[in-house]
Asks: 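Could you have a look at this structure, given as structure tokens, before my questions?
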Amino acid sequence: MDTKYIFVTGGVVSSLGKGIISASIGKLLQARGYQVTIQKFDPYINIDPGTLNPYEHGECYVTEDGFETDLDLGHYERFTGIHTTRNNSITTGRIYKTVIDRERHGDYLGKTIQVVPHITDEIKRRMLRQDVEGEQFDFVITEVGGTIGDIESAPFMEAIRQLRWQLGRDAVCVHLTYVPYLKAAEELKTKPTQHSVKELQGMGIQPDILVLRTERHLDNALRMKVASFCNVDLECVVQSEDMPSIYEVPVSMQRQGLDAAILRKIGIPVGETPSMTAWHDFLDKQRKANREVHVALVGKYDLQDAYKSIRESLNLAGIYNDVKIRLHFVNSEKVTEHDVAAQLDGMAGVVICPGFGQRGIEGKIIAAEYTRTHDIPTFGICLGMQMMVIEFARHVLGYQDANSSEMDAQTPHNVIDMMEEQKTVTEMGGTMRLGAYECELVKGSRCWQAYGEVAQVSERHRHRYEFNNAYQQAFEDHGMKCVGFNPAANLVEIVEIPDKKWYIGTQFHPEYSSTVLHPHPLFMDFIKACIDGRVEA
């Protein structure tokens with residue numbers, strides 16, 4: 001069949017969960033046997049979120065082909081298992097840069113370059129994925145960031161308006177809005193939704209389906225009111241209540257017939273409702289997990305979205321190990337030798353988080369020393385792994401001034417050093433070592449066992465600095481083994497201390513490839529090591 005297009009927009013307020021709804025729609029259509037991809041269009045002018053502070057935009061998610069993207073692509077991949085690429089993440093900055101580059105090249109000679117049609121045409125081309133060869137998708141789901149009424153979103157809305165008419169029944173618009181509950185009046189209010197839809201209609205777009213975000217259950221009378229005032233069929237007014245877990249959302253959407261409504265709007269026979277057995281089995285395990293394991297995240301960003309993929313990877317691994325993970329953020333800026341024991345008290349495991357820059361690294365080093373000397377399972381990721389290496393160099397190898405050349409360019413013991421190919425790089429955005437690279441595992445190592453005794457794996461990277469191979473023998477002689485290597489560059493990818501319960505650092509980011517139905521083996525093995533006498537009933 002011809003490719004069908006689903007546009008997901010948001011109104012009233014931001015952060016309603018468009019990414020979760022988009023991922024849920026993708027999962028439900030995928031369960032029906034359709035080939036699906038999901039893409040995110042962000043209105044900000046940055047080329048990508050790679051240079052944004054996590055406080056601005058949450059974590060930066062990296063695709064296999066090495067593109068820095070919005071964290072919603074992590075939701076897409078975790079829910080559906082698809083592999084997104086740079087073509088799944090588009091920003092206003094990329095759109096304008098493409099058009100301006102063409103203008104400079106002379107492609108528009110004699111023409112005045114305008115938002116309409118030149119910018120909107122480029123948006124449409126990207127939404128239709130006309131620049132991507134070799135793809136065959138039944139559905140392309142496009143989520144547009146921001147909120148209806150934002151100045152930045154206007155060109156995207158105009159592009160959707162045009163496509164909605166050009167594609168006819170091959171396109172569906174899903175609009176996510178908010179229905180607030182006013183405690184003083186003890187009422188749910190639909191007026192914000194009505195205004196949001198009216199604004200959307202004013203842009204020439206009639207939503208086909210409304211998803212109402214709410215903290216309280218909406219009865220049929222309220223849904224009927226919304227349907228009547230917004231010109232939407234009652235069966236196409238779906239509520240998205242707060243759920244115990246985001247992974248309950250696809251099941252809730254299926255139960256209310258969201259996927260069936262989409263198919264009917266497009267004119268495709270609905271057929272039988274998929275059983276989604278594996279997904280329900282996962283949810284069943286999640287509900288039954290009644291023992292708690294406490295894990296600390298030692299990092300500098302006191303923001304849930306800053307380490308979103310790590311948090312989700314730990315939670316998924318806990319569920320598959322039949323436990324509930326309780327995560328505790330420990331601000332590495334506030335960790336000292338005097339209080340580290342108190343801050344990590346009761347933790348079954350510790351994750352030394354990734355990041356960039358000097359701020360908070362000494363706290364990470366102190367935490368790494370404490371967990372190493374007290375044999376607490378420890379997982380260091382990217383910068384976290386580098387801090388484990390520096391700590392070992394200082395306190396075991398005796399190089400008290402050991403450091404990373406990122407933090408101290410003059411250190412005499414640069415056990416972490418800038419990668420050779422990075423030394424000539426001058427621009428910041430999109431120039432790191434990014435994307436998936438092969439990693440050969442040392443047979444017999446803990447990592448080799450965790451991965452299922454395979455010789456080689458592929459993992460995603462985001463860094464400029466690396467383990468300095470000049471020190472490899474010294475580390476190996478004193479008990480920290482290098483057990484994963486990139487075969488092309490001989491880059492050390494994994495270090496571990498075999499005589500500890502679980503003390504492993506990875507230069508790569510395993511959290512990017514952990515999904516609901518296939519949790520990452522390193523997170524699985526880490527949580528297994530955490531399940532000990534401190535597990536609480």
Side-chain angles (χ1 to χ4, degrees), residues 20 54-55 58-61 71 74-75 78 242-248 282-283 285-335 339-355 360 363-364 367-368 370-371 374 376-385 387-388 501-506 509-516 519-520 522-537:
I20 301 299
Y55 286 117
E59 80 166 359
C60 177
Y61 187 83
L71 63 82
H75 292 311
R78 277 189 292 276
D242 282 354
M243 306 296 290
S245 158
I246 59 173
Y247 304 114
E248 301 267 5
F282 162 78
L283 292 179
K285 289 181 73 70
Q286 184 179 42
R287 296 182 193 112
K288 289 179 179 177
N290 54 12
R291 296 183 302 160
E292 291 190 346
V293 171
H294 295 263
V295 175
L297 298 179
V298 181
K300 64 180 178 180
Y301 299 116
D302 191 3
L303 178 74
Q304 183 168 320
D305 282 350
Y307 306 112
K308 188 65 176 177
S309 291
I310 292 175
R311 287 174 175 269
E312 294 305 318
S313 297
L314 289 166
N315 286 327
L316 293 174
I319 291 164
Y320 280 99
N321 276 290
D322 300 315
V323 295
K324 186 180 295 183
I325 302 301
R326 290 298 181 194
L327 296 174
H328 303 261
F329 177 75
V330 176
N331 192 327
S332 60
E333 288 188 273
K334 299 178 181 178
V335 175
D339 68 3
V340 62
Q343 295 218 46
L344 297 182
D345 181 48
M347 296 298 108
V350 174
V351 176
I352 311 294
C353 292
K364 291 182 178 181
Y370 182 84
T371 59
H374 289 77
I376 300 171
T378 306
F379 195 171
I381 298 174
C382 200
L383 182 69
M385 170 264 205
M387 296 305 101
M388 293 164 74
K501 291 176 184 175
W502 211 96
Y503 197 85
I504 294 174
T506 64
H509 289 261
E511 70 272 19
Y512 292 147
S513 51
S514 192
T515 69
V516 172
H520 195 282
L522 287 183
F523 283 98
M524 287 288 289
D525 203 54
F526 171 64
I527 294 301
K528 285 178 184 176
C530 294
I531 301 173
D532 58 14
R534 281 164 290 187
V535 175
E536 299 173 4

Asks: Salt bridge check: are Glu59 and Lys308 linked by an N-O gap of less than 4.0 Å?
Replies: no
Asks: How far apart are the closest heavy atoms of Pro519 and Ser514, and which atoms are they?
Replies: CA-OG, 3.4 Å
Asks: Check Thr378, Asn321, Val351 against Phe526 for a side-chain contact (heavy atoms from CB on, under 4.5 Å) and give me the one that passes.
Replies: Val351
Asks: Find the distance between CD1 (Ile527) and CH2 (Trp502) and round it off to the nearest 0.5 Å.
Replies: 9.0 Å
Asks: Can you confirm whether His520 sits close enough to Pro510 that some side-chain heavy atom of one is under 4.5 Å from a side-chain heavy atom of the other?
Replies: yes
Asks: Is Met347 close to Val330 at the side-chain level, that is, under 4.5 Å between some pair of heavy atoms?
Replies: no
Asks: Mark yes when over 12 heavy atoms from residues, nucleotides or ligands other than Lys334 sit less than 6.0 Å from its NZ; otherwise mark no.
Replies: no
Asks: Angle between ring planes, Tyr307 versus Tyr301, binned at 30° and 60°: parallel, tilted or perpendicular?
Replies: tilted
Asks: Does the side chain of Ser309 come within less than 4.5 Å of Arg78's, by heavy atoms?
Replies: yes
Asks: Just verifying a value: how many Å separate Asp339 CG and Tyr370 OH, rounded to the nearest 0.5 Å?
Replies: 11.0 Å
Asks: Output the distance between atom CZ (Phe329) and atom CG (Leu303), rounded to the nearest 0.5 Å.
Replies: 9.0 Å
Asks: Do the side chains of Phe379 and Thr506 get nearer than 4.5 Å, heavy atoms only?
Replies: yes
Asks: Could you tell me which non-hydrogen atom of Ala348 sits nearest to which non-hydrogen atom of Pro377, and how far apart they are?
Replies: O-CD, 3.4 Å
Asks: Can you tell me how far NE2 of His294 sits from NZ of Lys324, rounded to the nearest 0.5 angstrom?
Replies: 11.0 Å
Asks: Quick one, Lys364 and Leu383 - any side-chain contact, counting heavy atoms below 4.5 Å?
Replies: yes
Asks: Donor-acceptor pair, distance only, cut-off 3.5 Å: does the side chain of Asn315 make one with the backbone of Arg311?
Replies: yes
Asks: I'd like to check His75 versus Ile246 (side-chain heavy atoms, cut-off strictly below 4.5 Å). Are they in contact?
Replies: yes
Asks: Roughly how far, to the nearest 0.5 Å, is CE of Met524 from CG of Leu316?
Replies: 10.0 Å
Asks: Does the side chain of Lys285 come within less than 4.5 Å of Asp322's, by heavy atoms?
Replies: yes
Asks: Which value, rounded to the nearest 0.5 Å, describes the distance between Asp525 atom CG and Cys530 atom SG?
Replies: 10.0 Å
Asks: Can you tell me if Tyr320 uses its side chain to pair, donor with acceptor, with the backbone of Val516 under 3.5 Å?
Replies: yes
Asks: Indicate the atoms forming the closest heavy-atom contact of Ile376 with Gly349, along with that distance.
Replies: CG2-CA, 4.0 Å
Asks: Which pair of non-hydrogen atoms, one from Leu314 and one from Ile325, has the smallest distance, and what is that distance?
Replies: O-CG1, 3.4 Å
Asks: Parallel, tilted or perpendicular for His509 and Tyr512, by the 30°/60° rule?
Replies: parallel
